[in-house]
S.K.: 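Here it is: the structure, laid out below.
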Amino acid sequence: MYQVEHDELFASIRAGKPINDGERMCTSTLMAIMGRMAAYTGQEITWEMALQSQEKARAGETRLNMKLEVPPTAMPA
């Protein structure tokens, strides 16, 4: 399933013009984060809100046996 992708990548490296999908990957990741933020808060999240957010995805150290607080279910406004 990845053969063509690998063929293109290796050919671009050999040609001295490596493919750089970094910006696309960052944009895609931020869109996923925005979706999570919107689902958890029930609010519309803008690109700027996501970029300026100080939200932490997890609280400090995590362990398999630790108790996690369950937040209330978000209700759309």
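Sequence positions, counted from 1, serve as the residue numbers for this chain.
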S.K.: Tell me every residue that passes salt bridge (Lys or Arg N to Asp or Glu O under 4.0 Å) with D21, counting only those two or more places apart in sequence or in another chain.
M.R.: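 Checked D21 against salt bridge (Lys or Arg N to Asp or Glu O under 4.0 Å); matches are R24.
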S.K.: What do you reckon, is CD of E44 surrounded by more than 12 foreign heavy atoms closer than 6.0 Å?
M.R.: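 No, not enclosed.
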S.K.: With sequence neighbours excluded, tell me which residues meet side-chain hydrogen bond (donor to acceptor under 3.5 Å, both in side chains) with N20.
M.R.: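 N20: no side-chain hydrogen bond (donor to acceptor under 3.5 Å, both in side chains) contacts found.
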S.K.: Identify the heavy atoms of P18 and I13 that sit nearest to each other, and give their distance.
M.R.: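 Distance-wise, the nearest heavy atoms are CB-CG1, 4.1 Å.
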S.K.: Verify, without hydrogens or angle tests, whether S53 (side chain) and M49 (backbone) share a donor-acceptor contact under 3.5 angstrom.
M.R.: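 Checking the backbone N and O of M49 against the side chain of S53, no donor-acceptor pair under 3.5 Å is found.
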S.K.: Could you state the interatomic distance from CE (M25) to OG (S28), rounded to the nearest 0.5 Å?
M.R.: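 Spacing of CE (M25) from OG (S28) equals 9.5 Å.
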S.K.: In Å, rounded to the nearest 0.5 Å, how long is the span from CE of M66 to CG of L64?
M.R.: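 Rounded to the nearest 0.5 Å, the CE-CG separation comes to 10.5 Å.
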S.K.: Measuring from atom CZ of R36 to atom OG1 of T41, what distance do you get when rounded to the nearest 0.5 angstrom?
M.R.: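 Answer rounded to 0.5 Å: 10.0 Å.
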S.K.: Decide whether M34 and Y40 are clustered together by the hydrophobic rule: side chain heavy atoms of Ile, Leu, Val, Met, Phe, Trp, Tyr closer than 4.5 Å, transitively.
M.R.: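 Result: no, two separate clusters.
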S.K.: Kindly give the heavy-atom pair with the smallest separation between L51 and L30, and that separation in Å.
M.R.: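 In terms of heavy atoms, the two residues are closest at CD2-CD2, 3.6 Å.
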S.K.: Who are the side-chain hydrogen bond (donor to acceptor under 3.5 Å, both in side chains) partners of Q3, not counting sequence neighbours?
M.R.: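 Testing Q3 for side-chain hydrogen bond (donor to acceptor under 3.5 Å, both in side chains), a comparison that skips the adjacent residues, returns D7.
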S.K.: At their closest point, which heavy atom of A74 faces which heavy atom of G42, and how far apart are they?
M.R.: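 A74 and G42 have their closest heavy atoms at CB-N, 3.8 Å.
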S.K.: One pair to check against side-chain contact (heavy atoms from CB on, under 4.5 Å): T27 and W47. What are the steps and the verdict?
M.R.: CA-CA 10 Å; T27 301; W47 198 259; 3.7 Å; yes
